[in-house]
Amino acid sequence: QVQLVESGGGLVQAGGSLRLSCAASGRAVSTFPMGWFRQAPGKEREFVAAIRWTGGTTYADSVKGRFAISRDLAKNTMYLQMNSLKPEDTAVYYCAGKSGLFSEYDYWGQGTQVTVSS
């Protein structure tokens, strides 16, 4: 059974940085596609970034150039480095994974709160 546990959220001022971590257990992060999503109060969950099992990455336009997704295979952990944070980045951030290459995201973490003050 795959489990994903996020950490690293918190309160930061606009323009600051945070790094989120997603520790995986039950399966190596190199063997399945993973991604980050976020949900702000009163809004639907939205895609932030993804990393394919090959290591290729994709970003939402709203975070391109500011956020970077990566993974450490030795630690079996995925990261989201967030720079130049804006108040509109405030949300609960979730890490997710796909059980199969063409499946939906069906592994989910519990979420970590990121709050950016102006």
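In this chain, residues are counted from 1 in sequence order.
The two residues S118 and A14 come nearest to each other via the heavy atoms CA-CB, 4.4 Å. Looking at every heavy atom in both residues, V114 comes nearest to G9 through CG2-CA, 4.2 Å. In terms of heavy-atom proximity, K98 sits nearest to E104 at CG-O, 3.6 Å. P33 approaches Y105 most closely through the heavy-atom pair O-CE2, 4.5 Å.
For the atom pair CZ (R45) and CZ (R38), the distance works out to 13.5 Å, reported to the nearest 0.5 Å. One finds the OH atom of Y93 at 5.5 Å from the CE atom of M82 (value rounded to the nearest 0.5 Å). With rounding to the nearest 0.5 angstrom, the SG atom of C95 is 7.5 Å from the CD atom of Q110. With rounding to the nearest 0.5 Å, the separation of CG in L73 from OG in S30 is 5.5 Å. Residue S25 holds its OG atom at 4.5 Å from CD of Q3, rounded to the nearest 0.5 Å. Between the CG atom of L11 and the CD atom of Q13 there is a distance of 8.0 Å, given to the nearest 0.5 Å.
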For the pair T58 and R52, evaluate side chain to side chain contact (heavy atoms under 4.5 Å, CB included) and give the outcome as yes or no after the intermediate values. CA-CA 8 Å; T58 307; R52 293 180 285 278; 3.1 Å; yes
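Look at D89 and K86 and you find no salt bridge, because none of the NZ, NE, NH1 or NH2 atoms lies under 4.0 Å from a carboxylate O.
One hydrophobic cluster, built from ILVMFWY side chains closer than 4.5 Å, holds both V116 and L18. Linking Ile, Leu, Val, Met, Phe, Trp and Tyr residues whenever their side-chain heavy atoms come within less than 4.5 Å leaves V5 and M78 in two separate clusters. Hydrophobic clustering keeps Y79 apart from M34 (ILVMFWY residues linked when any side-chain heavy atoms are closer than 4.5 Å, directly or through intermediates). Taken together through direct or relayed side-chain contacts under 4.5 Å among Ile, Leu, Val, Met, Phe, Trp and Tyr, V12 and V48 form part of one hydrophobic cluster. Note: the hydrophobic cluster containing L20 also contains L85 (ILVMFWY, side chain heavy atoms under 4.5 Å, direct or indirect links).
A donor-acceptor pair is defined here as one N or O able to donate and one able to accept, closer than 3.5 Å; such a pair exists between the side chain of E6 and the backbone of G111. The backbone N or O of V2 sits nowhere less than 3.5 Å from a side-chain atom of R27 that would complete a donor-acceptor pair. Y59 places a side-chain N or O within 3.5 Å of a backbone atom of I69 that can act as its donor or acceptor partner. Judged by distance alone, with hydrogens and angles left aside, the side-chain atoms of R71 form a donor-acceptor pair with the main-chain N or O of W53 at under 3.5 Å. Counting only distance, with no hydrogens or angles, the side chain of N76 and the backbone of A24 share a donor-acceptor pair below 3.5 Å.
Within 6.0 Å of the NZ atom in K64, the count of heavy atoms belonging to other residues, nucleotides or ligands exceeds 12.
In this structure, the side chains of F67 and W36 stay at 4.5 Å or more apart for every pair of heavy atoms.
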